Q: 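So that we are looking at the same thing, I have put the structure below in structure tokens.
So you know, we letter chains A, B, ... as the sequences are listed, proteins then strands, and number each from 1. The shown structure was predicted, so the numbers you read here are calculated from the model rather than taken from an experiment.
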Number of protein chains: 2
Amino acid sequence: MLSKSSTYAIRAVLYLSLNSNEEKKFSPWQIADDIDIPAPFLAKTLQELTRRNFISSKKGRNGGFYLSDDNRLNSLISIVNAIDGLGKFKECALGLSECNGSNPCPLHNAITPLRNKLINELSDKTIADYTREMKEGKIHVF
Amino acid sequence: MLSKSSTYAIRAVLYLSLNSNEEKKFSPWQIADDIDIPAPFLAKTLQELTRRNFISSKKGRNGGFYLSDDNRLNSLISIVNAIDGLGKFKECALGLSECNGSNPCPLHNAITPLRNKLINELSDKTIADYTREMKEGKIHVF
DNA sequence: ATAAAAATATGATATTTATCATATAAAAAG
DNA sequence: CTTTTTATATGATAAATATCATATTTTTAT
């Protein structure tokens, strides 16, 4: 459902939300090592996230990636949208171009409400919300 | 969510369910042409479906692919399972190996009930059920 | 200023998925 | 029994995704 890039992005962002701030920054290698994903690939993904203002970075000595308070207000769906796009959530599951509510494919009526529910859940919660739940021990990313 | 192979398989099976029987068989090219998918790729998929007894075939003159009444009793989920496997429906959406109900990832609680609902819907209905709905004009595959 | 640390930009390789092509085997018709 | 039709088996090519590597630029500490 989600590409590797997207899952890595989400996990890295949540990791940074939990551990970083303006004073405490992380290199791709530290993050990759801690959440157990390939570092060079993550590095590329982090750059893309920086370009799109989902995470913050600082070059040079004592630089690294971190999350600002502003960054923590984003939703997970906006990250997925930035990396993968929302095609997989919106296009017909059987690949039909003429599939819609009034002319549904066999899977349309089963899938559409579930997709919408998922999109809503991923849109409503912010990174900060997920971080709170992580601190409470309710959810985990590694 | 579904691979091209799976979507082609589902569409071809439903097409055959609607149009074929022991007396009326179809070549991959006829099917591919009618539902607008690449024929050589479909041919391979049809062979796999035949091997796994989801569709029937007959070689030689006047041969081709068709659906027996028995074939129509299968569920769509069993076809997806045969082609893609059910990994995408069961594995953690963030790729965590230690993700489960008592140790959930951030997406687990949102996604799992939706996935289960979808699996149930695709398990309960048979090809025959979908075919009835197609004949009633409620759903379409092309 | 200079050197070191770290992001940035870019490109190379590998793996997976999708697509296309062809030679073989089986069945039926004449 | 020979020809034709069609499935079967297998492999070749192409495209997309994922992974790895490196040279460059920016920043900061000394």
Q: Just to be sure I understand the rule, does A:P40 reach a base, reach only the sugar-phosphate, or reach nothing, if contact means heavy atoms closer than 4.0 Å?
A: base

Q: Around atom CG of B:D36, are there more than 12 heavy atoms of other residues, nucleotides or ligands at under 6.0 Å?
A: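 Result for CG/B:D36: open.
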
Q: Suppose we define a pair by two distances each less than 3.5 Å, Watson-Crick or G-U wobble; what does D:dT30 pair with here?
A: C:dA1

Q: Categorize B:K44 for me: base, sugar-phosphate, or nothing, with a 4.0 angstrom heavy-atom threshold over every strand shown.
A: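 If one applies the 4.0 Å heavy-atom cut-off, B:K44 turns out to touch a base.
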
Q: Go through it in stages, so that I can follow the logic: the residues are B:D129 and B:D124, the test is side chain to side chain contact (heavy atoms under 4.5 Å, CB included), and I'd like the CA-CA distance, side-chain angles, deciding distance and then a yes or no.
A: CA-CA 9 Å; B:D129 292 329; B:D124 291 346; over 6 Å; no

Q: Can you check the B:Y8 OH to C:dT17 C1' distance for me, whole Å?
A: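 One finds 11 Å between C1' of C:dT17 and OH of B:Y8, rounded.
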
Q: To the nearest Å, give me how far apart CG (A:N62) and C1' (C:dA7) are.
A: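 Rounded to whole Å, this separation is 14 Å.
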
Q: Once you round it to whole Å, what is the distance between P of D:dT28 and NZ of A:K58?
A: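 Those two atoms, NZ and P, are 3 Å apart.
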
Q: How long is the line joining OH of A:Y66 and P of C:dA6, in whole Å?
A: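 Distance check: A:Y66 OH to C:dA6 P gives 15 Å.
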
Q: Should the heavy atoms of other residues, nucleotides or ligands under 6.0 Å from NZ of A:K88 be counted, would the total exceed 12?
A: yes

Q: Give a yes/no on whether any side-chain N or O of A:S27 is located under 4.0 angstrom from OP1 or OP2 of C:dA5.
A: no

Q: Provide, to the nearest angstrom, the distance between the CG atom belonging to A:L42 and the C1' atom belonging to C:dA6.
A: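 One finds 14 Å between C1' of C:dA6 and CG of A:L42, rounded.
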
Q: Taking the ring centre of each residue, are A:F26 and A:Y66 less than 6.0 Å apart?
A: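 For A:F26 and A:Y66, the ring centres are not under 6.0 Å apart.
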
Q: Of the candidate nucleotides C:dT8, C:dA28, D:dT8, which contains the atom at the shortest distance from the side chain of B:R61?
A: C:dA28

Q: Does a donor on one side chain and an acceptor on the other come within less than 3.5 Å for B:T126 and B:N74?
A: no

Q: What integer distance in Å separates B:Q47:CD from C:dA23:C1'?
A: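 The answer, rounded to whole Å, is 13 Å.
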
Q: Could you tell me the separation between the CD atom of B:E48 and the P atom of D:dT10, rounded to a whole number of Å?
A: 12 Å

Q: Distance check needed: C:dT19 C1' versus B:W29 CH2, whole Å only.
A: 14 Å

Q: Of A:F41 and B:F65, whose nearest nucleotide on DNA chain D comes first from the 5' end?
A: B:F65

